[in-house]
Structure formats: C-alpha cells, structure tokens
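Protein chains get the first letters and strands the later ones, always in sequence-line order, with residue 1 at the start of each.
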Amino acid sequence: MSKTWNVLLAGFGGQGVLFSGKLIAYAGLLDGKEVSWLPSYGPEMRGGTCNCSLVVSDDPIGSPLVVTPDVLVAMNLPSLDKFVDSVVPGGTIIVDSSMIEKKVERDDVTVYYIEAGKLARENEIEGCDNIILVGKMFKELGFCTEESLFKAVDKCVPARKTAMIEVNKNALKIGINA
Amino acid sequence: MSEKVLMKGNEALAEAALSAGCRHFFGYPITPQTEISAYLAKRMPKVGGVFLQAESEVSAINMVLGAAATGHRAMTSSSSPGISLKSEGVSYIAGSDLPALIINVQRGGPGLGGIQPSQSDYWQATKALGHGDFQLYVLAPSTIQEMVDFVPLAFEVGEKYRVPSMILSDGMLGQMMEPVTLPDSDSATASDKPWAVTGHKNQRQRNIANSLYISTTELERLNIERFQRYDEMKKHEQRAESYLTEDADVTVVAFGASSRVVRSAVNAARAQGIKAGMIRPITLWPFPVDAIQKTIETTKEYLCVEMNMGQMVDDVRLAVEGKRRVCFYGRTGGVIPTPAEVLEQIKTLAGKEA
C-alpha cells in the first residue's frame, strides 16, 4: 500500500530545524521514495520561528506545503502552540520536553516527550538536540530504513565539517535508544 | 546520467546554467532568489566564467546585454521588484534581437510586496516586460528537475529565434528541495551566431547590436520581421502537459507551483469519482492554445488556479473562445492554496454540471 508521510518540523532559527528535515528527506531519497523539503525562509533564518515542511511518499508529490501534518516535531513552545491543532487525528507529535514544559491536551494523537536537550548535554553533543529528535521519530515511526538514515548523515554533513558525521550518528543512536 | 541529489531549486538551476555553457552571470541579491547568485559566486570562477554582482539590477541587465551581444550565453536572476528594475534593459535586449536568459523567482507584489511565493508577474512576463512591441520566450517550471531541464531549453530556443528567454519560477520552487538529476556538462547545443559583435578583422561586414532606429519605415520593417519570428514560435514552441484530460468534465488550468497543488486536488477529485483533469502550460509565451483547444469539446467547465488575482485566466478565456465558461480561483500575497481548497472548487463546478 502506498504511504505518504507529511511531516512538520518547527522550532527557533538555529536549532537545526532545516538540517534535520534535510536528513529525513535524504533518507527517503536513498530509499527510493519521492521527497520534498520546503523551508520557511526570510527573517525566520535569523532567529525567529522556523519550520520545515517535509513529504516522503511512494507517489509523486503535489503540494510540498504541509498544512495538516501526520507528524509534528516541536522544538519550542511557540511552535507547539501554533501547530498542535493542525496535526491529523491519529497523527504523532514529538515534543522536545527539555524546551517545552507544557503537555499536549489532545487525546486523538500519539505524543512522545523526549528531553533531547538534556540528553545532548549529558552525552556532550550539545546542539544535536534536533538529530536526537530525528532518531526518536525513526524509532517510533520507522519512516525509512535504518541504513538509509545513517547514510543520509554522510550526505548531509558538508565536506568542511566531516568531524560532525560521527557526532550526528551518535545523536541518532541516542534518540533511537531513548 | 549522474545519481539523484537533493538540491534547492535555486541552486539546481544555477548548476544547470553552468552545464548549459553559461559563463557570464550578472546579478543583484534579492529574496527569494539570492541562492542563485550565491551559488554562482562560488562556482563560476572555478569554471573560468564571470560572476559579477553589479551595483543595481539596472546595471546587471545592461551587462547581460553587452555579454549577449558578443554571442556569449549570459544570464541574470532576480525576484519581482528587481525584475521591474530590469525591464528597460530587457526591452533593449529584445529590440537588439539578442538571446539572453532572465530568471524571475517571483514573490508577492505589487511594490516591495512580500517575500513569500507568488505568481503575480504572469502579466509582466507574458505581455509587457518593458516598453515596445516585443515578447519573451517564457518557461514555467513546476519541479526542481524542470528548473534544471529548462535552462538549456531556454538558451537554445532563445538563440534559435534571437529572443530573450525567461524562466518564471517562484519562491516555493526556488527554496524547496527535491531529488534532481543534474545534466552532464555541455547540456545545451551551441548555435552559430553570425550576428555576434566580436570584431570583424576586416573580413566581413561589421555587426552592430542596437535598438535605436530613427527611420520609421526601418523600425516598422524590423518589428514586422520580429513578429514573423514570434508567429513561428507560436507554431512550433508551445509546450503543455495534459494530465487526465481525455475524459475530464472539469479541466483545471494551472502552471508552476500552483499546478502542484492542482495535481493533488485532481487526484483527490478522481478518488471521489469526479472526472477532473489538468492542463499545465509549460510555455507561458507562446501560450499553449492548441493543448487547451483540444479539450473544449469534452470539457464542461474550466477552472484556472493561480497564485495571483487572476492573470493567466485571460489567456485561457481567449483560447476557449467563449465556447465554455472559465472560472478562476486564486490566493495571493504569498499565500499558497491548499489542495482541499481547490478540490472544493472542482466539486462545486462538477456538482453544478450533474
């Protein structure tokens, strides 16, 4: 059966929203899926709220803009507040609970709370909260193959930052085991 | 062919310009187009080309005129307000019968408008990007792959008819990433340019790139000759994609980013048993009149969907020649319509028919 993942990643500019989106998109590409990645752009990049629409599908993708996500990854409170009601019933919300104290009040969605920031600090990979969240999302939803997910890190980390490849893979593992 | 990579539309288009043999880029930054400039600033010097950030859009387009006059593949890119600034230069390029490539990554207008995606420069691109009697060859990509594939096409067709070409993109296509296969180098066929201003070395008549003609009869003759070329383009260069139109009761017409939304809506309508289809103009000029006229007999209602207040709908109505009603649905100001909104429109039109 054909499957489409409509994912919305949202947080502050600088939290790595766009990078984690690119990682998921590349994993989908390596699995031979149709993928699209659409960022919010403009002033958001400079520290405001930032979000990224992601579609991973077996079928050609029409609109790349995710209006009603199957999966919301919320990395700060304003993003959770803004998008919580747009998630489809039966959908999934992943909350970085080291950034967001509030609990989701809906009972028709599955919510996973993960202290990504705390886990990153404990493992001395601060700033990799976003990748830990992708690892968690993979563990709970299995939107791609594990091989492609890790291979996507090799593709997404720029050549001048190769030292970050292992750090990011470590972050994925932490998210998967959390 | 190389493997598929994930790239932003703007960057993929810039890479395609290099493989199409473009070695002269003149630009000025503006959101949401800036990645084209930034990418070429890095890459152009490495392939022995010229990247120049001019002091203004006006300056950049006149540099394009100069480079194009010497027979080189020259290009500039901007977004809506910047394109308006370039309009004088574009008219001079057209008046000088020079091929050149202009990229418009549209944002909301008028004025400074906004920075979110829009299609509100359709009229400007297809009717009057500058003063005088002239047309551009206008391509409207709807995928990142088309952002790439249309670059060599724009150069080749522009050179064949000696007209400036435009790729009319938008902020969505420019900013989004999608898997894309990049072309091998030399993707565009080079053409002879006997008109190029390259120095005659006392071996031929001198060439002049010029758009000033004081003699009324000479200017009229030149304009008539140019419109004969436009007629040839109308005959041979129309492009459109027809999607599920053979049995469609409701035929939706949409280009570029909005055609992606419409495709989702058409699929959803089909899933509900509504016979919907889509014509996607790929060339906005010459407008694909033939593809639309083929559907008049079988179509009951036309719907034109655009990210503006209704611009292409005029051309659809002209093509339909009053034989069917042509309705319009649009969002503007940077708002992207949703498939659900378009589906509602399709359902309403289909319901009225039933």
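Only the side chain of A:Lys155 comes within contact range of chain B, with at least one heavy atom under 4.5 Å from a heavy atom of that chain. Contacts between A:Val67 and chain B at a heavy-atom distance below 4.5 Å involve the side chain alone, from C-beta outward. Of the two parts of B:Pro179, the backbone and the side chain both hold a non-hydrogen atom closer than 4.5 Å to a non-hydrogen atom of chain A. Contact annotation for A:Ile61: both backbone and side-chain heavy atoms come within less than 4.5 Å of a heavy atom of chain B. Residue B:Val262: no heavy atom, backbone or side chain, is found under 4.5 Å from chain A.
Distance alone, capped at 3.5 Å, places no donor-acceptor pair between the B:Glu178 side chain and the B:Leu6 backbone.
Looking at B:Tyr302 and B:Thr295, their side chains do bring a donor and an acceptor atom within 3.5 Å of each other. For the 3.5 Å distance criterion, the side chains of B:Gln33 and B:Ser77 qualify, holding a donor opposite an acceptor.
For the pair A:Lys136 and A:Glu140, the salt-bridge criterion is met [side-chain N within less than 4.0 Å of a carboxylate O].
How far NZ of B:Lys8 is from CE of B:Met147: 11.0 Å, rounded to the nearest 0.5 Å.
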